[in-house]
Amino acid sequence: MRRRAVVAWLGGAAAYPSRAFGQEAALPVIGYLGSESPERYASRLAAFHTGLAEAGFVEGRNVAVAYRWADGQYGRLPALAADLAAQGVTAIIAPGGAEVVLAAKAASATIPIVFELGGDPIALGVVASLSRPGGNLTGVSSLSVGVTPKRLEFMHELLPKAPAWAAAVNPTSPTSRSQLKDLQAAAASLGVQLHGLRASAEEEFDALFTETRRLGAAGLVFSSDPYFAYRSHRLAELAVRHAVPAITQSRDFPLAGGLMSYGGDFEQSHRHTGLYAGRILKGERPAELPVQLVTKVELFVNLAAAARLGLAVPASILTSADTVVE
């Protein structure tokens with residue numbers, strides 16, 4: 001069984017304070033557009049600053065960062081992005097999904113924008129080409145959205161006799177329809193029934209698990225969505241409370257007590273975002289920086305969670321796992 005040690009990290013708002021422009025007028029300023037809060041972004045921020053440092057830039061030393069946080073209210077993102085553009089920042093960093101990059105794109109057609117998302121930037125209309133983006137945007141794309149059906153396959157492998165599953169999507173996400181369509185196609189190929197459930201606010205999370213039980217579904221498969229990923233601890237608490245097998249995109253879910261996760265390596269994607277921010281600060285143009293694809297996909301399995309649920313994880317899943325939490 002292939003295992004890797006689980007590495008803990010620390011991070012928080014205090015590590016990356018927002019700085020007023022006037023305090024460091026001599027430094028270039030990049031804008032950081034976050035869909036959540038600094039606390040929820042802590043590990044991603046750490047990875048971003050690692051990449052920025054690899055490019056030769058350290059916040060407070062030779063670059064300043066102006067942060068704008070939507071605190072989970074995605075409707076605020078366009079105004080926050082417009083505010084950064086109005087401040088005349090050197091570049092805008094748009095990490096954390098389609099909602100963020102689309103807000104940044106709408107705010108400026110000239111300021112360089114570095115995005116990080118889990119979907120296809122061409123399909124979203126963000127760039128014209130992966131090799132030559134051609135406009136003011138470039139960045140990093142992982143495979144989180146594209147591998148959503150694989151999560152259902154893992155759950156089917158875990159419980160091959162289960163006739164039905166539930167799938168959670170966020171209806172406010174630009175990729176929710178395509179992900180649900182892909183999940184339905186996967187369910188059909190596996191010969192199982194799929195119940196689509198929707199949630200776009202934390203107060204709706206509990207209903208995802210109670211409805212899964214009411215429908216007689218064997219478990220819950222989460223689509224790729226930043227809103228779900230940044231609330232992995234809450235989802236893990238509910239999964240334990242309701243004794244529902246579940247799988248999400250974020251490793252934070254099994255690390256917090258949930259059963260499994262399968263998704264792109266966010267540490268690598270955010271580190272690459274930092275690297276690209278540094279290259280743009282050095283004068284490179286986003287139109288000529290190819291979109292980076294982070295092809296590594298991680299499978300995390302929590303054996304303690306499986307034991308609580310009375311499930312025996314098959315060897316086929318364990319041998320595929322990047323990390324097994326015991």
Side-chain angles (χ1 to χ4, degrees), residues 35-36 40 72 74 96-99 117-119 142-159 162 164-187 190 192-213 215 217-266 297-302 305-306 309 311 317:
S35 61
E36 298 291 343
R40 295 192 190 277
Y74 291 175
E99 299 87 352
L117 48 79
S142 70
L143 298 176
S144 289
V145 169
V147 302
T148 293
K150 185 66 177 178
R151 295 188 200 113
L152 178 59
E153 293 177 21
F154 277 125
M155 296 299 271
H156 179 69
E157 191 174 349
L158 178 67
L159 291 167
W165 297 89
V169 299
N170 180 353
T172 67
S173 169
T175 64
S176 63
R177 290 185 180 180
S178 62
Q179 289 193 73
L180 184 56
K181 182 179 179 181
D182 290 344
L183 280 166
Q184 289 168 337
L190 295 170
V192 298
Q193 185 178 8
L194 187 74
H195 301 283
L197 305 178
R198 291 168 172 78
S200 58
E202 282 193 69
E203 54 266 28
E204 298 172 326
F205 284 178
D206 192 77
L208 291 174
F209 295 90
T210 58
E211 190 67 3
T212 296
R213 283 295 191 195
L215 291 167
L220 184 58
V221 177
F222 281 86
S223 63
S224 294
D225 188 85
Y227 195 83
F228 295 149
Y230 288 122
R231 288 159 179 80
S232 294
H233 284 73
R234 177 58 178 158
L235 292 175
E237 290 173 1
L238 290 169
V240 171
R241 180 191 305 170
H242 292 281
V244 170
I247 183 170
T248 75
Q249 78 184 87
S250 174
R251 65 169 71 164
D252 294 339
F253 179 71
L255 292 179
L259 180 60
M260 287 196 294
S261 69
Y262 187 67
D265 183 351
F266 70 79
V297 185
E298 304 175 313
L299 174 63
F300 277 58
V301 179
N302 187 321
L309 293 164
L311 300 174
I317 290 181

* How long is the gap from CZ on Arg177 to CG on Asp182, to the nearest 0.5 Å? -> 14.0 Å

* side chain to side chain contact (heavy atoms under 4.5 Å, CB included) between Met260 and Asn302, worked out -> CA-CA 6 Å; Met260 287 196 294; Asn302 187 321; over 6 Å; no

* Asked: What heavy-atom pair brings Leu215 and Leu197 nearest, and what distance separates the two atoms?
  -> CD1-CD2, 4.0 Å

* Flag the pair Ser224 / Gln249 as yes when at least one side-chain heavy-atom distance between them is below 4.5 Å, and no otherwise. => yes

* Asked: Stepwise, does the side chain to side chain contact (heavy atoms under 4.5 Å, CB included) test hold for His242 with Thr212?
  -> CA-CA 10 Å; His242 292 281; Thr212 296; over 6 Å; no

* Is any NZ, NE, NH1 or NH2 atom of the basic residue among Glu298 and Arg251 found under 4.0 Å from an Asp or Glu carboxylate oxygen of the other? -> yes

* Minimum heavy-atom distance Ser200-Asn170, with the two atoms named -> CB-OD1, 3.1 Å

* Kindly indicate whether the side chain of Glu99, heavy atoms from C-beta on, has any atom under 4.5 Å from the side chain of Ser173. => yes

* Structure fact -> Phe300 and Pro254 have their tightest heavy-atom pair at CB-CG, 3.5 Å

* Asked: Can Arg198 and Glu204 be counted as an ion pair, charged N to O under 4.0 angstrom?
  -> no

* Asked: Looking only at heavy atoms, which two atoms of Ser261 and Ser250 are closest? And how far apart?
  -> CB-O, 3.1 Å

* Of all the heavy-atom pairs spanning Ala305 and Gly258, show the shortest one and how long it is. => CB-O, 3.5 Å

* Pairs where residues 244-264 contributes a residue and the test ring-ring contact (aromatic ring centres under 6.0 Å, His included) is met, not counting sequence neighbours -> Phe154-Tyr262

* Taking atom CG of Leu152 and atom CD of Glu157, what is their separation to the nearest 0.5 Å? -> 11.5 Å

* Asked: Which value, rounded to the nearest 0.5 Å, describes the distance between Thr248 atom OG1 and Leu259 atom CG?
  -> 10.0 Å

* Structure fact -> The reported gap from CZ in Arg231 to CG in Asp252 (rounded to nearest 0.5 angstrom) is 12.5 Å

* What class does the angle between the rings of Phe222 and Phe209 fall in, given that below 30° is parallel, 30 to 60° is tilted and above 60° is perpendicular? -> tilted

* Short side-chain donor-acceptor distance under 3.5 Å, Arg40 and Ser35 -> no

* Can you name the side chain to side chain contact (heavy atoms under 4.5 Å, CB included) partners of Ser178, sequence neighbours left out? -> Thr175

* To do: Taking the side chain as every heavy atom from C-beta outward, state whether Leu159 and Leu311 have any atom pair closer than 4.5 Å.
  => yes

* Quick one: are Pro226 and Tyr74 in side-chain contact, heavy atoms under 4.5 Å? -> yes

* To do: Mind checking the CH2-CD1 spacing from Trp165 to Ile247? Nearest 0.5 Å is all I need.
  => 9.5 Å

* Structure fact -> In terms of heavy-atom contacts, Ser144 and Arg151 come closest through O-NH2, 3.1 Å

* Might you work through the side chain to side chain contact (heavy atoms under 4.5 Å, CB included) test for Leu194 and Val221, ending with a clear yes or no? => CA-CA 10 Å; Leu194 187 74; Val221 177; 5.8 Å; no

* Test item: Thr148 and Leu180 side chains (from C-beta on) under 4.5 Å apart, heavy atoms -> no

* Asked: Could you give the distance from CG (Leu220) to CD (Glu211), rounded to the nearest 0.5 Å?
  -> 11.0 Å

* **For Ala243, all residues meeting side chain to side chain contact (heavy atoms under 4.5 Å, CB included), sequence neighbours excluded** => Arg213, Leu309

* Do you see a donor-acceptor pair shorter than 3.5 Å between the side chains of Asp225 and Ser223? -> no

* **Side-chain (Tyr227) to main-chain (Glu202) donor-acceptor, under 3.5 angstrom** => yes

